[in-house]
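The block underneath contains the structure these notes are about, expressed in structure tokens.
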Amino acid sequence: MISVQAWADAQELWDFQLMGHEPRRCSVAIGLGSHDLGVADTTADLYHRGLAPLIVFTGATSRTTRDVMPKGEAEHYRERALELGVPADAILVEPRARNTGENITLSRALLEEHGVSVESALLVSKPYEERRSYATACKVWPDVTWVSASAAMTLAEYVDSIQDARLVIDMLVGAQQRLMLYPEQGFMISQEVPPSIIGAFERLRVEGFTSRIIPDRAA
């Protein structure tokens, strides 16, 4: 059972991760690989709305996706986008990235290889990783104007779509931990984290939502 307090804390982390950016036309849309095909759906929708002339799907596999996406996250995203009517020549696939930093650096290299000039980019992620992804992208590729985007869903709707509440909360806790630790390691820009968010993170960690946090903070 997940306590009322844990749900309230998860909602705090969910709300904090959302950047609140208004989608606008950009040079490219970059869909960050994960277990969630909804990222591909959102990226395809942005393309169909005329907000990006080109899509890059980036991602290899992880412990979460290796069984359900054996071809690699980016390739499964591409297949989903094709099903949704995105033309094949509007999609580039970057199949090697295994973390968010590599998603950005390898996508940049792929776009340069294809001669694509990038001034701005729609950064499409899961809702609970908007802020973490944005902070990473700003650090790794600072010359680009980044616009965060994700599926317009509430926490409850997202949990219903995934059908695994504990996984979602574990992921929220992991994303928040990285947002606090990675700036000092040079992996992302620093952002102010309110005390209430730190408190929510710590309570969830103590309650055992630790499967996606860095091990030295699990004890």
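The figures here come from the full heavy-atom set of this structure, side chains too, leaving out hydrogens, waters and symmetry mates.
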Atom pairs and distances, donor-acceptor, side-chain atoms in residues 178-188, under 3.5 Å, two or more places apart:
{"unit_1": "Arg178", "atom_1": "NH1", "unit_2": "Gly174", "atom_2": "O", "d": "3.0"}
{"unit_1": "Arg178", "atom_1": "NH1", "unit_2": "Arg212", "atom_2": "O", "d": "2.7"}
{"unit_1": "Arg178", "atom_1": "NH2", "unit_2": "Arg212", "atom_2": "O", "d": "3.2"}

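- The closest donor-acceptor contact from the side chain of Gln17 to the backbone of Arg132 lies under 3.5 Å.
- Under the 30°/60° scheme for interplanar angles, the aromatic rings of Trp14 and Tyr158 are found to be tilted.
- Side-chain atoms of Tyr47 do not come within 3.5 Å of backbone N or O of Gly85 as any donor-acceptor pair.
- We find that Arg203 and Glu207 are not joined by a salt bridge, their nearest charged nitrogen and carboxylate oxygen being 4.0 Å or further apart.
- More than 12 non-hydrogen atoms from other residues, nucleotides or ligands lie less than 6.0 angstrom from CD of Gln163.
- Applying the side-chain contact (heavy atoms from CB on, under 4.5 Å) rule to Asp41 yields the partners Arg80, Leu84; only residues at least two apart in sequence or on another chain are considered.
- Here the CD atom belonging to Glu202 is positioned 12.5 Å from the CD1 atom belonging to Ile197, to the nearest 0.5 angstrom.
- The two residues Val173 and Phe209 make their nearest non-hydrogen contact at CG1-O, 3.4 Å.
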Report task. Carefully, step by step, assess Val93 and Tyr77 under the rule side chain to side chain contact (heavy atoms under 4.5 Å, CB included). Result -> CA-CA 9 Å; Val93 170; Tyr77 276 20; over 6 Å; no
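- Around the CZ atom of Arg25, the shell of radius 6.0 Å holds more than 12 heavy atoms that belong to other residues, nucleotides or ligands.
- Nearest heavy atom pair, residue Ala10 against residue Ile169, reads CB-CG1, 4.0 Å.
- Of all heavy-atom pairs spanning Leu18 and Ser150, the tightest one is CD2-OG, 4.3 Å.
- Residue pairs meeting the salt bridge (Lys or Arg N to Asp or Glu O under 4.0 Å) criterion with at least one partner in residues 149-161, sequence neighbours excluded, do not occur; the list is empty.
- Under the 4.5 Å side-chain heavy-atom criterion for Ile, Leu, Val, Met, Phe, Trp and Tyr, Met153 and Tyr134 are members of distinct hydrophobic clusters.
- Leu123 and Ala137 get closest at one heavy-atom pair: CD2-CB, 3.8 Å.
- To the nearest 0.5 Å, atoms OG1 (Thr58) and CD (Glu102) are separated by 8.5 Å.
- The shortest distance between side-chain heavy atoms of Leu92 and Glu113 does not fall below 4.5 Å.
- Between the Ser27 side chain and the Glu119 main chain, a donor and an acceptor come within less than 3.5 Å of each other.
- We find the CG-NE2 distance between Leu167 and His35 to be 5.0 Å, quoted to the nearest 0.5 Å.
- Note that OG of Ser3 is 7.5 Å distant from CG of Asp9, once rounded to the nearest 0.5 Å.
- The shortest non-hydrogen separation linking Ala200 to Glu12 is CB-CB, 4.1 Å.
- If you chain together hydrophobic residues whose side chains sit under 4.5 Å apart, Ile91 and Leu51 fall into the same group.
- The shortest distance between side-chain heavy atoms of Ser133 and Trp146 does not fall below 4.5 Å.
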